[in-house]
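Heads up: the structure comes next, in C-alpha cells.
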Amino acid sequence: MIINSASRLNSLVNDILDFSKLQKRQLEIQHKPVDLFQVTENSLALLKPLHREKPIDLQNELTKDLPLVDGDEDRIQQILFNLLGNALKFTESGEVRLSAVVQDSWVEVAVADTGIGITQDKQERIFDAFEQGDASTERTHGGTGLGLSVAKQLIELHGGRIWLESVVGQGSVFRFTLPCSSASEQERKEPVVSKKTNTTKALPVAAAAPVVEEERGSEPNVDLLVDDPSEVTILVVDDEPINRQVLRNQLEMVGYRVEVAIDGLQGLKLLEKLNPQVILLDVMMPRLSGYQTCYRIRQKYSASELPIILLTAKDQPEDTVRGFQHGANDYLTKPFSREELLIRVRFHLKLSKATSEVYRMMDDLRGMQNQLIQSAKLAAVGEMTSGIAHELKTPLAGISTILSGVELARKLHQEIDMDATCSRVSLLVKRCSAIIEHMRNYSRRTEETHSQTQIINQLLKNTLLLVEPQLKRIGGKLELNLGHDLPFVRGNDIQLEQVFINLCNNACDAMEQSKERILTIQSMAEGDAVVVRVSDTGTGMRPEVQERVFESFFTTKSSAKGTGLGMSISQNIIEQHKGQIRFNSELGRGTTFEIYLPVAS
C-alpha cells in the first residue's frame, strides 16, 4: 500500500517536472531505434495488476515484425502509460485494445477503449494543461489533467501528432504517430530496448493526497482517548482504499471501532445500521460528494447529535465555508498528523456527550416541573420553578459561551485548548446535574440538608471557575486573599457555592459601568465562625434598594438579566446553615457582602 501510494505521488511529481521542462523547452529526446512491440508488451504487463478488480480485456494487436521507430524509449513508454492508464481508468468493463498500422515512413498507434467517452465540447480542450473531463467535486475519477498535455508535447517532440475520436457512452480512440527508424533488420535482432523499465515515471497519474502524516516512534497519548474508546463507533467515508485503510489503522490503534464506506451513498446506508458517534467524511467522491452527503445527514441528525469532520485536500476559504454551510462540525485539510486527527475526534466526542447531557437535564427539568404541579406545593410552584431557572442560568450560560467561542475559533482557524475547554464544560455539566438532583430531592421532600464537612477555600475556588467568564467579559480584575488553615464548616457544597456564585455575579453586574472593576474575595476565621467577604468597586446601592435586597422577586435588573430570586435564595441557604449574611454598600463606591458560617464541631 505504501509503495503503491508513493509510486503514484512520484508519478505526479515527474509529470509536473516534465511539464515544466516542456514549457521551458528544456526537455531533450534521446533518439535511437526502439522496438515498439516490446515496449507495449512491457507497459501492458505493468498495468494489468493495477486493474485486476475490473472486468477489462487488455489486448495488444501489435506484431513483432512492426518496423522499429525512431525515438526515446522512456518517453514512448511514458506516452503509452498515460494513454493506457486513462483508458483503463475511464472504462468499467469491456476492452482496451492497442493496435498499429504502417503508413509510408510513419507508424500510427491506436489506443481504443469501451469506456464512458468524451463529450464534443471537452474533446477540443482535452490536450490542454490541467484540463479534466470532469472537474467537479463529485467526479468519479481523480487526476490533475497533466497526463494528456505531457503526452501530446512528447509526441510532437518526436515529430508526430496525436488526435482523438470519441462517442459518449461507447468509448474513445487516441491515435498518435511516430517516425519509422532507418535501422536495419540486424539491429532489430540486437538488444534495442533497455532491460530496465521506468515504472515510477510511467504509473497512472491519479495520485491521491496522503491522509495522515505518520509521526514515527510516537505512541498514542492516553490523554487523547475518551473514557472507553471501544464503546465509540466511527464511520469513515472515503473513495480511496489507501485513505480508508490508513484512517482505520490510526483509529483502531487507540481502541475505536471503525466502519468504512466507499462513497456517500453507501455511507448513508451504513449510518442507519451502525449508529456511529462520529463521521469522517471525504469531500471529493463519486456519485455523491461529501458536501451533499453531509447535507443529507443533517436532515435527520443535528450537529450536536452526530459530529461530522470533513477530510479533504481542498483548502481554500470558500471550501471551508461551504463545508460549514452544509452542516459540518469541523474541517481537516490533508495531509494532517495522527495527533491532530485523534485530538479533533476526541474533542467532538466530548462536546457531543456534554451537549447530550444538557438536553437530558432539560428533560429532567420538565419532568420535575410536572411532579411539582401534581404535588401539594401549588402555591410554591412559581417560586420553585423560577429558582431552578435562576440557579441553572449561570452554568448553562457558561456552556453557551464556551460553545460559541469554539464555533468562532473553528471558523477563524484558531487553535483551541481542547483539554481545558472539555474540562470546563464537564465542570459546568456536573454543576447542572448537582443542582437538578438537589431540586428533585427537595420537590420529593426527601432532603432535609445533606450536611457534610466542607473546606471553604475549595468551594471558593470552584466558584471562581464558574464566574471567571463573566469577569473577563467586563474586563474586571480579581484579588484573592484566602486564609490559611481555616477550620472546617458543615453544610451542603452545592448550596454554599450557589450563594458565592450569586454574590460574584451580582458584583460583576454592578461593575459594568464602573471605570475601576475589581472583585475582591477573602476568607478568614473569626471566633467560632469562618467569614467569606465578597467586595466590588461597582455603583453601590441606594438606601431604598438596600431595604429590599433579600426580598423575593425584587431586582433592579432587566427581566432578561435577573429574576429577583438570587439574594432571597442565598439568605435562606445561609440561615439553613445557621449562619448570617450581611452587607454594606455606598452609592458610587461599591458593595461588600459578608457571610458568617459556624465552625464544624
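On a predicted model such as this, the values are computed, not experimentally measured, just so you know.
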| said: So, taking the atom named CZ in Arg344 and the one named OH in Tyr331, what distance separates them when rounded to the nearest 0.5 Å? | reply: 12.0 Å
| request: Find the distance between OG (Ser570) and CG (Asn572) and round it off to the nearest 0.5 Å. | output: 9.0 Å
| query | Between Ser523 and Asn457, do the side chains contain an N or O donor and an N or O acceptor separated by less than 3.5 Å? | reply | yes
| said: Applying the side chain to side chain contact (heavy atoms under 4.5 Å, CB included) criterion to Tyr256, which one of Val278, Val345, Thr233 satisfies it? | reply: Val345
| message | Using modelled atom types and a 3.5 Å cut-off, is there a donor and acceptor pairing between side-chain atoms of Arg517 and backbone atoms of Ile474? | response | yes
| said: Side chains of Ser535 and Thr520: any donor to acceptor distance under 3.5 Å? | reply: no
| query | Hey, are Lys334 and Asp282 close enough for a salt bridge, meaning a charged N less than 4.0 Å from a carboxylate O? | reply | yes
| query | Can the positive tip of Arg582 be found less than 6.0 Å from the middle of the six-membered ring of Tyr596, inside 45° of the ring normal? | reply | yes
| said: Other residues, nucleotides and ligands only: do more than 12 of their heavy atoms fall within 6.0 Å of CD on Gln513? | reply: no
| field | Donor-acceptor under 3.5 Å (Asp239 side chain, Met285 main chain) | value | no
| request: Could you check if a side-chain atom of Val260 sits within less than 4.5 angstrom of a side-chain atom of Asp238, using non-hydrogen atoms only? | output: no
| field | Salt-bridge criterion met for Glu272 and Lys300 (N-O under 4.0 Å) | value | yes
| request: May I have the step-by-step check of side chain to side chain donor-acceptor pair (under 3.5 Å) for Asn462 and Glu497, ending in yes or no? | output: CA-CA 8 Å; Asn462 292 345; Glu497 286 178 8; 3.1 Å; yes
| To the nearest 0.5 Å, how far apart are NE2 in His348 and CG in Asn329? | 5.5 Å
| query | Can you tell me if Gln299 uses its side chain to pair, donor with acceptor, with the backbone of Tyr295 under 3.5 Å? | reply | yes
| query | Counting only heavy atoms not in Ile455, do more than 12 fall under 6.0 Å of its CD1? | reply | no
| task | Apply the test salt bridge (charged side-chain N to carboxylate O under 4.0 Å, His left out) to residues Glu259 and Arg244: give CA-CA distance (whole Å), side-chain angles for both, the deciding distance (0.1 Å), then the verdict. | result | CA-CA 9 Å; Glu259 298 291 339; Arg244 293 196 299 269; over 6 Å; no
| said: Atom CZ of residue position Arg490 - does it have more than 12 heavy atoms of other residues, nucleotides or ligands inside 6.0 Å? | reply: yes
| field | Donor-acceptor contact below 3.5 Å, side chain Gln470 vs main chain Val467 | value | no
| query | Are Leu341 and Leu280 side-chain neighbours, meaning at least one heavy-atom pair lies under 4.5 Å? | reply | yes
| Value rounded to 0.5 Å, distance of CZ in Arg542 from OG in Ser585 | 10.5 Å
| Where is the tightest heavy-atom contact between Gln546 and Phe583, given as atom of each residue plus distance? | O-CZ, 3.5 Å
| Counting distance only, does the side-chain N/O of Ser302 pair as donor-acceptor with the main-chain N or O of Glu305 below 3.5 Å? | yes
| task | Flag the pair Ile595 / Ile574 as yes when at least one side-chain heavy-atom distance between them is below 4.5 Å, and no otherwise. | result | yes
| query | Considering all heavy atoms of both residues, which atom of Leu471 and which atom of Cys508 are nearest to each other, and what is their separation? | reply | CD1-SG, 3.9 Å
| query | Would you call Cys504 and Ile521 a side-chain contact if the rule is heavy atoms closer than 4.5 Å? | reply | yes
| message | Please report the interatomic distance CG(Leu460) to CZ(Phe500), rounded to the nearest 0.5 Å. | response | 5.0 Å
| query | Should Gln495 and Val499 count as side-chain neighbours, where that means a heavy-atom distance under 4.5 Å? | reply | no
| query | Would Lys472 and Glu468 count as a salt bridge (charged side-chain N to carboxylate O under 4.0 Å, His left out) if you check the C-alpha gap in whole Å, the side-chain angles of each, and the deciding distance to 0.1 Å? | reply | CA-CA 6 Å; Lys472 285 184 176 179; Glu468 184 184 27; 3.7 Å; yes
| query | So do the side chains of Gln325 and Val321 get within less than 4.5 Å of each other, counting heavy atoms only? | reply | yes
| query | Does the Arg298 side chain pair with the main chain of Gly327, one donor and one acceptor, at a distance under 3.5 Å? | reply | yes
| request: Would you check if Val489 and Val599 make a side-chain contact, meaning some heavy-atom pair closer than 4.5 Å? | output: no
| Nearest non-hydrogen partners of Leu281 and Gly290, listed with the distance | CD2-O, 3.2 Å
| field | Gln250 side-chain N/O to Leu247 backbone N/O, donor-acceptor pair under 3.5 Å | value | no
| said: If we ignore hydrogens and angles and just use 3.5 Å, is the side chain of Thr463 paired with the main-chain N or O of Ile501 as donor and acceptor? | reply: no
| Sub-3.5 Å donor-acceptor pair from the side chain of Thr537 to the main-chain atoms of Glu516, do we have one? | yes
| Is a side-chain N or O of Ser352 found less than 3.5 angstrom from the main chain of Ser304, in a donor-acceptor match? | yes
| Rounded to the nearest 0.5 Å, how far apart are NE2 of His484 and CE of Met524? | 12.5 Å
| query | Side chains of Met567 and Asn506: does their closest heavy-atom pair fall under 4.5 Å? | reply | yes
